[in-house]
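Every chain is numbered from 1, with letters handed out A, B, ... down the list of sequences. Please read these numbers as outputs of a predicted model, since none were measured by experiment.
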There are 2 protein chains.
Amino acid sequence: MDSSEVRRAGRPRKSVLDREKILGAALKLLNSVGPEKFSMAALAVELGVKPPALYHHVKNKQALLVGMREVVSDSIDVSGFGVLPWREALERWARSYRVAFSAHPNAIALLATEPITGATRTLGMYESVVQGLLAAGWEVSEVMGSMVALESFILGSALDLIAPVDMFDPGEAAVQTPGLSMVLEAQSASDSSRADEAFELGLRIMVEGLGRLHGRGA
Amino acid sequence: MDSSEVRRAGRPRKSVLDREKILGAALKLLNSVGPEKFSMAALAVELGVKPPALYHHVKNKQALLVGMREVVSDSIDVSGFGVLPWREALERWARSYRVAFSAHPNAIALLATEPITGATRTLGMYESVVQGLLAAGWEVSEVMGSMVALESFILGSALDLIAPVDMFDPGEAAVQTPGLSMVLEAQSASDSSRADEAFELGLRIMVEGLGRLHGRGA
DNA sequence: ACCTGAACACCGTTCAAGT
DNA sequence: ACCTGAACACCGTTCAAGT
């Protein structure tokens with residue numbers, strides 16, 4: 001982003017920034033440098049601008065994070081609800097949800113803890129899920145708990161995706177953790193990553209379990 | 001923490017700090033002020049000390065966070081493994097795991113993303129789980145995936161616990177989210193909180209599902 | 001309206017100087 | 001060894017001044 005002509009003070013003839021451009025650059029930056037080095041200053045550099053210029057388009061850093069979450073939410077696939085059988089709709093949603101966040105792995109912890117009040121597009125995603133499950137005949141009283149339980153699993157799995165691959169590596173202490181070392185070795189023999197394997201396993205269990213709960217056979 | 005006599009430079013006759021005291025104060029502080037205002041400076045104030053003094057006991061802020069995670073890990077109950085039937089051991093572990101983190105709700109996002117390499121006590125917790133499941137006859141190749149899947153769910157649930165109770169409140173936009181508003185109302189009629197209900201539901205599903213996977217009846 | 005420049009109250013961390 | 005004081009390179013944010 002270096003259109004390297006210096007810009008002197010005063011309103012430019014054509015504005016260089018807009019909200020969408022800022023959000024895109026912010027996600028790209030957060031993803032590339034990590035949450036520690038993600039700053040308004042660094043974002044300004046990325047956009048070829050001085051930090052205060054950002055405040056004409058976003059209220060503050062927290063509002064920026066909420067906006068970023070909206071962008072991520074938009075790429076979550078809710079198209080299955082009301083069209084496919086609910087199991088398949090739910091699985092499509094879960095996988096794309098995790099992928100959406102894993103495309104911005106460093107964003108998860110920051111974004112997952114921001115309240116969504118006022119974030120219309122994110123709320124829209126939940127509305128789609130709820131509508132789909134209601135249409136499939138789920139009890140009104142059970143939809144919220146089921147959705148949140150599944151979402152907790154998805155978010156936790158996304159969190160697991162941030163962890164370094166050798167997260168569990170005992171290192172020096174391997175002698176004191178023979179069981180852990182053993183199952184780790186068995187796991188590393190498999191094709192798929194620890195995170196992927198655990199996610200698909202848990203998703204299968206969750207969807208089957210919800211099916212049983214809602215009294216519908218296979 | 002105001003033993004309010006001013007301390008002049010130089011080594012004090014009796015040291016005022018130690019690692020344990022710092023970790024305890026850090027968790028207490030993080031929990032009370034939230035991650036945003038959690039700083040080395042604020043921690044120093046809490047301990048009645050100047051910021052640089054902390055660096056005699058912890059390498060840096062990241063090492064401090066790892067230490068805090070160790071303390072939290074210590075309160076997770078692994079006593080059931082090898083003693084109780086694995087389902088009950090797993091449930092005890094899961095509930096105490098979530099409670100341990102929910103006692104420090106603001107710590108979850110910060111602590112859950114720190115690698116555990118070298119954190120002996122945290123590794124010890126995982127070793128207990130693995131040993132317990134192996135002793136119960138689980139396949140070596142399946143232990144890791146199952147444990148991580150369940151842990152993802154627990155961590156996600158803990159993350160859900162940080163969210164404000166009105167996290168999903170559509171506010172102004174309620175008209176556009178009739179389904180969500182409806183299931184939210186049905187849920188708020190129940191005794192337990194959204195988070196608690198979703199957790200217990202998911203836990204039941206997870207443990208049942210794992211049981212089925214490992215080919216053991218009810 | 002939308003940019004820069006200067007300024008404010010903060011950070012985390014290092015290091016010399018004291019006891 | 002273990003504290004303070006001073007200093008460094010950073011933060012997020014505000015605001016006046018320019019166009």
Margin query: Strictly distance-based, threshold 3.5 Å: is any side-chain N or O of A:Glu70 a donor or acceptor partner for the main-chain N or O of A:Arg121?
Written below: yes
Next item on the list: Kindly assign one of parallel, tilted or perpendicular to the pair B:Phe153 and B:Phe199, based on the angle between their ring planes and the thresholds 30° and 60°.
Entry: parallel
Check: Think B:Arg7 has a side-chain N or O under 4.0 angstrom from the OP1 or OP2 of D:dC3?
Finding: no
Notebook entry, point to check: In whole angstroms, how far is the P atom of D:dA1 from the CG atom of B:Asp18?
Noted result: 17 Å
Next item on the list: Name the nucleic acid region contacted by A:Ala53, choosing base, sugar-phosphate or nothing; use a 4.0 angstrom heavy-atom cut-off, strictly under.
Entry: base
Notebook entry, point to check: Can you find a heavy atom in the side chain of B:Met68 that is under 4.5 Å from one in the side chain of B:Leu30?
Noted result: yes
Checklist line | Residue A:Ser39, side-chain atoms from C-beta onward, closest of D:dC11, C:dC3, D:dT4 | finding: D:dC11
Next item on the list: Send over the distance from A:His56 NE2 to D:dG18 P, rounded to a whole Å.
Entry: 15 Å
Next item on the list: Report the nucleotide, chosen from D:dC2, C:dG12, D:dG18, that has the shortest atom-to-atom distance to any side-chain atom of A:Arg11.
Entry: D:dG18
Checklist line | B:Tyr55 OH to D:dA1 P, straight-line distance once rounded to whole Å | finding: 20 Å
Next item on the list: Consider only side-chain N and O atoms of B:Ser190 and B:Glu197, and report whether a donor and an acceptor are under 3.5 Å apart.
Entry: yes
Check: Taking the side chain of B:Pro52 as its heavy atoms from C-beta onward, which of D:dG18, C:dC15, D:dC2 lies nearest to it?
Finding: C:dC15
Next item on the list: Using heavy atoms to find the nearest nucleotide of DNA chain C for B:Pro12 and B:Lys37 separately, return the residue whose nucleotide is more 5′.
Entry: B:Lys37
Next item on the list: Give the nucleotide from the list D:dC2, C:dT4, D:dT4 with an atom nearest to the side chain of A:Lys50.
Entry: C:dT4
Check: Under 30°, 30 to 60°, or over 60°: which ring-plane class applies to B:Phe101 and B:Tyr97, parallel, tilted or perpendicular?
Finding: parallel
Margin query: As a test of reading the structure: which of C:dC3, D:dC3, D:dG12 is closest to the side chain of B:Val49, going by heavy atoms?
Written below: D:dC3
Note to self: By nearest atom, which of the nucleotides C:dT4, C:dC11, D:dC3 is closest to the B:Val16 side chain?
What the structure shows: D:dC3
Next item on the list: Send over the distance from A:Arg19 CZ to C:dC2 P, rounded to a whole Å.
Entry: 14 Å
Margin query: Using only modelled atom types and a 3.5 angstrom limit, is any donor from either the side chain of A:His57 or the base of C:dC2 paired with an acceptor on the other?
Written below: no
Check: Whole Å only: how far is the CD atom of A:Glu36 from the C1' atom of D:dC11?
Finding: 12 Å
